[in-house]
Structure formats: structure tokens, C-alpha cells
Amino acid sequence: MAENHAQNKAKLISETRRRFEAEYVTDKSDKYDARDVERLQQDDNWVESYLSWRHNIIDETLKMLDESFQWRKEISVNDLNESSIPRWLLEIGVIYLHGYDKEGNKLFWIRVKYHVKDQKTILDKKKLIAFWLERYAKRENGKPVTVMFDLSETGINSIDMDFVRFIINCFKVYYPKYLSKIVIFDMPWLMNAAFKIVKTWLGPEAVSLLKFTSKNEVQDYVSVEYLPPHMGGTDPFKYSYPPLVDDDFQTPLCENGPITSEDETSSKEDIESDGKETLETISNEEQTPLLKKINPTESTSKAEENEKVDSKMKAFKKPLSVFKGPLLHISPAEELYFGSTESGEKKTLIVLTNVTKNIVAFKVRTTAPEKYRVKPSNSSCDPGASVDIVVSPHGGFTVSAQDRFLIMAAEMEQSSGTGPAELTQFWKEVPRNKVMEHR
């Protein structure tokens, strides 16, 4: 059954690509960004997201692709970056990514009170939406977001139905399958009629994704730790720019407590501001703990010891899936399973396997650094070898589906050393486009 489903999906993807190329691209290539056309031929998940949204009806999918690709070229989505957006628009904090809902979906915040209807700035605001969504889509590749429409303290000047319709279209046409739900908070009565119109834009299938909430109901969808005080939450987060604040990954604890480094004192300020870093700014406050590597040259006693460890870990883990990246294969691919009450175990493993001919440096970061010990969190893996990363809860905290882990990896030159100092220097110098990331 599963095999037939996979075959059918592959046929639909192949036929969609063939027909789009033949019916839409030929003699009309200037309509689209060539990078989007190329990606369509290479990225199965991207094609599937459009097919799925159109219920696998190829004719409808092709129309949707045509509209989406024209929009992407018109707004230059592939070239959007921070410099494309007016600085004042980034500074006011009308739109940003931060935190997670109870299902583990990233929160996409729209603080409506900071929006003023103005035709002179509407294009820049649309670019800001596209910038955030494209940035997220490239990193998460299909994982949905929950849109938080915060309408508290909203006045008549903030009501902009053109802008709302654009946001709806982003999820209906431009970023299909990325919408988990839209949480409307504290909607003023004067906007009741407006949101009746929004329901018609969403269509009957998506109307159920609208969740109208007050302070009492919003906690049904988002826990207090990711809600600001005016929503009844405890999140101390305060928006500021620069830097961009969409990235919550931080350095976790190593097995024996907080990680230290040789320049810990001089870099204290960097550590404290780590939560505000983007992934372009990589933290270096980590030591390299000892590895447990698996390779054929190990002694028999070491192999037996590893077997005992492996069998113990398997006793409380579910069967593993594998993410096959260009540098590392990572298992499990998507979720970490911690021990059950019956097993008494509280640890889990992330297994990295180097599939290159060079040494690969890696780092582990998490959205909840105070909750987990990770060993090793910053080290390297020899060609063809595997490394077991042990993750365990710390300090009595409870694991949560909202917590996220990020693995960053990059190839090292054969002549490079792999000690703490060399790794610190390596991460300072490695180009951003050479770093593999998996969440």
C-alpha cells in the first residue's frame, strides 16, 4: 500500500514537471525566475506541496505554480535579504518569527497595532512578509507555521484588508502547506465584518484553521512560556533589531554542566546575547568532549562495550529514521524519543555518520539550552566514522515537543587540527554557504 502511494506520488510529480515545462515554460521563460524553474525540477517536496494543496489535480496545480512563480519573480523573492527591507520596518517589529505553539509549530507574529495603512509602504511590507516566509521555508522545508494575528490595541488606521488578503494568498498560493492555523487574538468588534470577508478568502476547507481567541482561549494553542504578558503569558522576549530574532537556537549544556572556553571571560557578553543570534553568527563557546567513534579498527573489548551501550539505548528508543545530508547522515531524522516511565531511561541518541572523504566538524544547538545536556555538542567526525551524541534532560526539566535541536556541519581540510582551539577558529572562518544545517 505504502509502495503504491509512493509510486503514484512520483508519477504525479514527474507529470507535473513535464507539463509545466512543456505548457508554461517553453517560449515564456522570461515570466519566471530561472532558479525557481530549476528548483521545481529538483525538489520533490516543493512540487508535492503544490500538488497536495490542489488535491493532486495537475491542471489546478499548474495554474497555481504559474501564479506563484510569476509573483516570486515580480517581488524578487530569491534575492530578498535584510538590505531589501527598509530598516525602520525591521525595527518596529510588526512581523517576526519567535517561539512555538503546543504542536511544535513556529509562531509567525503579526503585531497589527504597529501597521498603518499606507499605499506608499505596502510593497515594502509585502516584501517583509515574503522575506520572513522564504527565510523560514529554506530552513524548515515544509514544516508549518502558526500565524499569530495580535489585534490588541488595534485602531481603525491599522485595518488594511489588502494586506490581510496578501497574507492569506501567501499561504494559499505562494507557500502551500506551510499554514498550521491562524490564531486571532483580541479582535475588536469593529473588525467582525472584515473577518467575515477573510473567511471567504480562505475558502471552506481552510476556515477551520481560523481560531478566534481572548486571553482565556489563546493558551489552548500556545503555552504561557511563548506568550507575552498581555496575552497572559510569561515570555520575557522583547522584540529588537538588529539582529534578526527568528532564530532561537543556543548552545546546550555539555554532560558535566555549562560549557566553558579559554576566552570565557572576554566573551561573556557574546554568551549572554546568544539567544538573539542568527545562524549566520555562530557561537564558539564550546569545548570538544571525548567522542565515542565506531570504526573497524577499534579493539574487540571496545566494540563489545559499544554493543552494550547500543543495546541499552535501543531498549528505550523507537526505530530510527535517517536524514541523508550531503555531509552527514543523521538518525533519527525528525524527532527524538526519550525513555518511557517503564524503562526508567531519560537519555536518547543522535547518531551522526560522516559520508564524505574529509573530517566533518559539527555543532549541536537547541531552543532550550537550560533543559538539556548534550555530549558531545561541538566536535568532529572522521571520514566514514559515526559519532553518538547523548542527549539527556537536565535539572528536573520535562522534555517538550516544542523544543528543537539544530545540527550544523562543515567539511574541514585534512591538515586542520580538531582540538578545541582549532574548532573555534574553524567556525569563525568557515563560509556560511559551506555549512550544512538540519533541524
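Nothing fancy with the numbering, it's 1 onward along the sequence.
Looking only at side-chain heavy atoms (C-beta outward), Arg72 and Glu134 come within less than 4.5 Å of each other. With contacts defined as side-chain heavy-atom distances shorter than 4.5 Å, the pair Met436/Ile330 qualifies. Put simply, the side chain of Asp124 does not reach to within 4.5 Å of the side chain of Ile85, judged on heavy atoms. With contacts defined as side-chain heavy-atom distances shorter than 4.5 Å, the pair Ser49/Tyr178 does not qualify. Looking only at side-chain heavy atoms (C-beta outward), Leu40 and Leu65 come within less than 4.5 Å of each other. Here the side chains of Tyr50 and Ser68 are in contact, with some heavy-atom distance below 4.5 Å. Considering only heavy atoms from C-beta on, Glu82 comes within 4.5 Å of Phe131 through its side chain. Residues Leu227 and Met148 are in side-chain contact: their nearest non-hydrogen atoms beyond the backbone lie under 4.5 Å apart.
The main-chain N or O of Val360 is never found under 3.5 Å from a side-chain atom of Ser380 such that the two would form a donor-acceptor pair. Thr61 places no side-chain N or O within donor-acceptor distance of the main-chain N or O of Arg54, the cut-off being under 3.5 Å. Side chain of His438 to backbone of His329: no donor-acceptor contact under 3.5 angstrom is found. For the pair Trp53 (side chain) and Lys172 (backbone), a donor-acceptor distance under 3.5 Å is present. Under the 3.5 Å distance criterion, the side-chain polar atoms of Ser14 are left unmatched by any main-chain donor or acceptor of Ala10. Using modelled atom types, no side-chain atom of Asn105 and backbone atom of Thr146 make a donor-acceptor pair closer than 3.5 Å. Here the side chain of Ser180 pairs no donor or acceptor atom with the backbone of Val145 at under 3.5 angstrom. Checking side-chain atoms of Ser223 against main-chain N and O of Lys102 turns up no donor-acceptor pair under 3.5 Å. Of the possible donor and acceptor atoms, one in the side chain of Asn354 sits under 3.5 Å from a partner among the backbone N and O of Asp382. Remark: side-chain polar atoms of Lys117 are not paired, donor with acceptor, to backbone N or O of Met161 under 3.5 angstrom.
Minimum heavy-atom separation, Cys170 to Leu133: CB-CD1, 3.8 Å. Closest approach of Gly325 and Val355 over heavy atoms only: O-CG2, 3.9 Å. For Tyr226 against Tyr100, the heavy-atom pair with the smallest separation is CD1-O, 3.3 Å. Contact between Leu352 and Cys381 at its shortest, heavy atoms only, is O-SG, 4.4 Å. Annotation for Gln42 and Arg17: closest pair C-NH2, 3.5 Å, computed over non-hydrogen atoms. The heavy-atom pair separating Ile95 from Trp132 by the smallest distance is O-NE1, 3.1 Å.
By the side chain to side chain donor-acceptor pair (under 3.5 Å) test, Gln219 is found to be paired with no residue, residues two or more places apart in sequence or in another chain being considered. Annotation: ring-ring contact (aromatic ring centres under 6.0 Å, His included) contacts of Tyr239 (sequence neighbours excluded): Tyr96. Listed by chain and residue number, Phe20, Tyr32, Trp46 satisfy the ring-ring contact (aromatic ring centres under 6.0 Å, His included) test with Phe69 (two or more places apart in sequence, or in another chain). When the ring-ring contact (aromatic ring centres under 6.0 Å, His included) test is applied to Tyr175, no partner is found at least two apart in sequence or on another chain. The side chain to side chain donor-acceptor pair (under 3.5 Å) test applied to Arg19 returns Glu23, Asp59, not counting sequence neighbours.
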**Asked** When you look at Asp36 and Lys73, which way does the side-chain contact (heavy atoms from CB on, under 4.5 Å) test go after all the steps?
**Response** CA-CA 9 Å; Asp36 291 332; Lys73 182 173 182 179; 5.9 Å; no
Quiz item: How far apart are the C-alpha atoms of Leu89 and Thr121, what are their side-chain angles, what is the distance that settles it, and do they pass the side-chain contact (heavy atoms from CB on, under 4.5 Å) test?
Solution: CA-CA 9 Å; Leu89 203 49; Thr121 62; over 6 Å; no
- prompt: Does the side-chain contact (heavy atoms from CB on, under 4.5 Å) test come out yes or no for Ile182 and Ile168, once each step is laid out?
  reply: CA-CA 10 Å; Ile182 299 176; Ile168 298 297; 3.9 Å; yes
*asked:* Test side-chain contact (heavy atoms from CB on, under 4.5 Å) on Ile122 and Phe166; report intermediate values, then the result.
replied: CA-CA 10 Å; Ile122 189 64; Phe166 172 77; over 6 Å; no
Item checked: Asn358/Thr356 under side-chain hydrogen bond (donor to acceptor under 3.5 Å, both in side chains): CA gap, chis, key distance, verdict -> CA-CA 5 Å; Asn358 296 315; Thr356 75; 5.2 Å; no
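His115 contributes atom NE2, which lies 11.5 Å from atom CG of Leu128 (distance to the nearest 0.5 angstrom). Taking CG of Asp79 as the reference point, atom CG of Asp33 lies at 6.5 Å (rounded to 0.5 Å). Once rounded to the nearest 0.5 Å, the distance linking CG of Asp44 with CG of Leu12 reads 12.0 Å. Of the inter-residue distances, the one linking Ser214 atom OG with Ile184 atom CD1 reads 13.0 Å to the nearest 0.5 angstrom. Separating the CG atom in Leu406 from the CZ atom in Arg365 is a distance of 7.5 Å, to the nearest 0.5 Å. Atom-to-atom distance recorded for Leu327:CG and Glu411:CD is 5.0 Å, nearest 0.5 angstrom.
In this structure, a donor-acceptor pair under 3.5 Å is absent between the side chains of Glu74 and Gln70.
Using cut-offs of 30° and 60° for the angle between ring planes, the Tyr174 and Trp71 rings count as parallel. Using cut-offs of 30° and 60° for the angle between ring planes, the Phe237 and His98 rings count as parallel.
Ion pairing between a basic and an acidic side chain is recognised when a charged N comes within 4.0 Å of a carboxylate O; Glu38 and Arg35 show no such pairing. Using a 4.0 Å cut-off between charged side-chain N and carboxylate O, Asp162 and Lys125 make no salt bridge. Salt-bridge formation is not detected for the pair Lys138/Glu437: no Lys NZ or Arg NE/NH1/NH2 atom is positioned less than 4.0 Å from an Asp or Glu carboxylate oxygen. The existence of a salt bridge linking Lys31 and Asp66 is confirmed by a sub-4.0 Å separation between a basic side-chain nitrogen and an acidic carboxylate oxygen. A salt bridge between Lys211 and Glu217 is absent, with no side-chain N of the basic residue lying under 4.0 Å from a carboxylate O of the acidic one.
Annotation: cation-pi pair Lys347/Phe338 absent, no NZ/CZ under 6.0 Å from the ring centroid and within 45° of its normal.
Residues in residues 174-187 take part in these salt bridge (charged side-chain N to carboxylate O under 4.0 Å, His left out) pairs, two or more places apart or across chains: Asp101-Lys181, Glu103-Lys181.
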